[in-house]
Amino acid sequence: MGQSRNAYRVLVGRPEGKRPSGRPRRRWEDNIKMDLREVGYDDREWIHFAQDRDQWRAYVRTAMNLRLSCFGSVRIDTQLDQQLKSDVARHNEMVKKNREIMKSLIDTTCFLAMQVLPFRGHGENEDSLNKGNYIECLHLLSSYDTTLREHVESSTTFKGTSTEFKIT
């Protein structure tokens, strides 16, 4: 009768299957021991130490302050929220700027199409006096619009050095 009992099978039996690969998972108790080591407390008697709530609370606060001092006086989630807000604001400014540039480019295209004017001239290189109606209209508009001026000056397409569009 002894070999059929569950207690005997647990005692002498072998579990089926494989153990999970990798390091063992970190337990809550391991985190407590690691925190206590950081504040300079011997972690062997931590369960008895935790019974005194006031002393335990003081050590927990010390450990938390030690961690916060590594990140500065501001909490890390607050810093991440501020960074996200500034990234979104910067992105929205770029979108607004790009929309203004596109509006000017589309308006120039529509004007030339309505007037049935050719877009390109004979010589559109930098030395040419007449670079074509499209580029000349954009240069005229850029003299009144600083955002468009910066785009025209920094864009390689309008300088004739673009690798995608060859202006000849």
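Since this is a predicted model, take the numbers as computed values, not measurements.
Annotation: the span from R149 atom CZ to L138 atom CG amounts to 13.5 Å, rounded to 0.5 Å. Put simply, CZ on R99 and CE on M94 are 12.5 Å apart, with the number rounded to the nearest 0.5 Å. A distance of 9.0 Å separates NE2 in H139 from CD in E153, rounded to the nearest 0.5 Å. Rounding to the nearest 0.5 angstrom, the gap separating the CG atom in D81 from the OG atom in S86 is 11.0 Å.
In this structure, F111 and L141 have side chains that are not in contact, with every pair of non-hydrogen atoms separated by 4.5 Å or more. Between K97 and E150 the shortest side-chain heavy-atom distance falls below 4.5 Å. Residues I106 and C110 are in side-chain contact: their nearest non-hydrogen atoms beyond the backbone lie under 4.5 Å apart. Side-chain atoms of L148 and E100, non-hydrogen and from C-beta on, never get closer than 4.5 Å to each other.
Remark: R27 engages D30 in a side-chain hydrogen bond (donor to acceptor under 3.5 Å, both in side chains) (not counting sequence neighbours). For R57, the salt bridge (charged side-chain N to carboxylate O under 4.0 Å, His left out) partners at least two apart in sequence or on another chain are D54. For R90, the side-chain hydrogen bond (donor to acceptor under 3.5 Å, both in side chains) criterion is met by D87, not counting sequence neighbours.
In this structure, N133 contributes its side chain and P118 its backbone to a donor-acceptor pair below 3.5 Å.
Closest non-hydrogen pair, Y134 versus L105, comes out as OH-CD2, 3.5 Å.
Applying the side-chain hydrogen bond (donor to acceptor under 3.5 Å, both in side chains) definition to pairs two or more places apart or across chains, none involves residues 101-115.
The hydrophobic cluster around Y144 extends to L140, counting ILVMFWY residues whose side-chain heavy atoms fall within less than 4.5 Å of a member. Grouped with V88 in one hydrophobic cluster are L84, the linkage being side-chain heavy-atom contacts under 4.5 Å among Ile, Leu, Val, Met, Phe, Trp and Tyr residues.
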